[in-house]
Number of protein chains: 2
Amino acid sequence: MSGRESSIDTIQRELTAFARRARHKASQLHPDLSLVTYSILDLMNERGGCRAADVASYFMLDKSTVSRQVGALEKLGLLVRETDPDDQRGQILRPTEAGLTLLREAAEQRRLSFTERFTDWDDEDVARFADYLARYGAAD
Amino acid sequence: MSGRESSIDTIQRELTAFARRARHKASQLHPDLSLVTYSILDLMNERGGCRAADVASYFMLDKSTVSRQVGALEKLGLLVRETDPDDQRGQILRPTEAGLTLLREAAEQRRLSFTERFTDWDDEDVARFADYLARYGAAD
DNA sequence: ACATGTTGTTGCACAGTACAACGTCGGGCG
DNA sequence: CGCCCGACGTTGTACTGTGCAACAACATGT
């Protein structure tokens, strides 16, 4: 197996292992926000409001799943939905203040944890790693 | 926010997004092997046989979860368990021939898919990306 | 105006997971 | 040696996340 192939194998394996651990770590990091709900809130926030269909396609989730998650988040008062004035079928999702606060806290927790594990990396390596991941993710 | 911090943010976000999509993609790639069972088989294979406790700690799973997954894999004839001669409590898990075959096929599917998305990366970048991921994963 | 497609909701079923209680075995300490 | 504690795995129970299918409401093009 060539060097390139074995590198690709490593990438595959490491990313898979990461995925397998992610749920557990997310629940450790911010117990009141699951990996899914965190991701959804985060996307809504970054996009400045978005529709359920966007969330579904971005995370490759069924729309029914998103519908329920959104319902749960709304019940918790973390987001609001407004019917899209331009399209009465759709609705626009936005985090509430409470949602934003929770999101910020969770992000802070995550950042602490991530920062800690990069202590022995120098800046250039961190930057390059981020670039590679972004490049990889962009094609997802 | 410093460049380093924003890089760490990117890493965080990309890894999380990846994790959210992983299950779906795994089921696309090899429908008869879930992300979990694939990972477990793969670990057993790479370690040349291992105990359930190893799997649990490696993937941060509860031992009951592992026990059930292993049970399922055994029922499918993909692995065998032998009681550890050195410690009658434990058991050593090994993929069967059928398990190895399935694993090889799945790995091939994955490799194709991964290879495809790295077509426009040059060798050095792929190698460095792999190194970074391995380094990251080692601290997990 | 009607057929077709898009957006979200609901009913149903199932996989994956955790936690707790338990049986079994191994190892250290009196 | 005999006991107790700890490690390994299994089973019962409950919950979350997920997908698929059927549906309702709205939009769009002909």
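Residue numbers begin at 1 in each chain, while the letters A, B, ... track the order of the sequences. Since the structure is predicted, the reported quantities are computational estimates derived from the model, not experimental observations.
- In this structure, CG of A:Leu35 is placed 14 Å from C1' of C:dG16, rounded to the nearest angstrom.
- Contact check on B:Arg111 versus A:Glu5 returns no salt bridge, with no Lys/Arg side-chain nitrogen under 4.0 Å from an Asp/Glu carboxylate oxygen.
- Relative to the ring axis of A:Tyr132, B:Arg128 does not place its NZ or CZ within 45° and under 6.0 Å from the centre.
- At a non-hydrogen distance threshold of 4.0 Å, A:Met60, A:Leu61, A:Asp62, A:Ser64, A:Thr65 from residues 56-66 of chain A come into contact with DNA chain D.
- Within residues 73-88 of chain A, the residues that place at least one heavy atom under 4.0 Å from DNA chain C are, in residue-number order, A:Arg81.
- Using a 4.5 Å heavy-atom threshold, the side chains of B:Lys25 and A:Met60 count as touching.
- A:Tyr38 carries A:Arg110 over the face of its six-membered ring, with the cationic atom under 6.0 Å from the centre and within 45° of the normal.
- With axes fitted over five pairs at each extremity, the angle between the ends of the helix from C:dA1-D:dT30 to C:dG30-D:dC1 is 20° (10° resolution).
- Side-chain contact between A:Phe59 and B:His24: absent, with no pair of heavy atoms (C-beta onward) separated by less than 4.5 Å.
- Closest to the side chain of A:Ala52, from the set C:dG11, C:dG8, C:dA18, is C:dG8.
- Along DNA chain C, the nucleotide closest to B:Ser34 and the one closest to A:Val70 are compared, and the more 5′ of them pairs with A:Val70.
- When side chains are defined from C-beta on, B:Phe118 does not count as touching B:Asp125, because their heavy atoms never get closer than 4.5 Å.
- Put simply, B:Gln91 has no side-chain N or O that comes within less than 4.0 Å of OP1 or OP2 on D:dG9.
- B:Asp54 places its CG atom 14 Å from the P atom of D:dA7, with the value rounded to the nearest Å.
- Under the 4.5 Å side-chain criterion, counting only non-hydrogen atoms from C-beta, A:Thr10 is not in contact with B:Asp131.
- Using a 4.5 Å cut-off between side-chain heavy atoms of Ile, Leu, Val, Met, Phe, Trp and Tyr, with links allowed through other members, B:Leu76 and B:Val66 fall into the same hydrophobic cluster.
- Within the 4.0 Å cut-off from OP1 or OP2 of C:dT17, not a single side-chain nitrogen or oxygen of A:Arg23 is found.
- With B:Phe18 as the aromatic partner, B:Arg13 does not meet the cation-pi criteria of under 6.0 angstrom to the ring centre and within 45 degrees of the ring axis.
- Between A:Arg47 and A:Asp54 the shortest side-chain heavy-atom distance falls below 4.5 Å.
- The cationic atom of A:Arg20 (NZ for Lys, CZ for Arg) does not lie both less than 6.0 Å from the six-membered ring centre of B:Tyr58 and within 45° of the ring axis.
- Rounding to whole angstrom units, NE2 of residue B:His24 and P of C:dG16 are separated by 16 Å.
- Across D:dC26, D:dG17, D:dT10, the shortest atom-to-atom separation from the side chain of A:Arg89 is found for D:dC26.
- Residue contacts for A:Arg51: at a heavy-atom cut-off of 4.0 Å it reaches the sugar-phosphate backbone alone, with no base atom in range.
- Separating the CD atom of A:Gln69 from the P atom of C:dG8 is a distance of 15 Å, rounded to the nearest angstrom.
- Nearest nucleotide to the side chain of B:Ser67, out of C:dA18, D:dT10, D:dG17: D:dT10.
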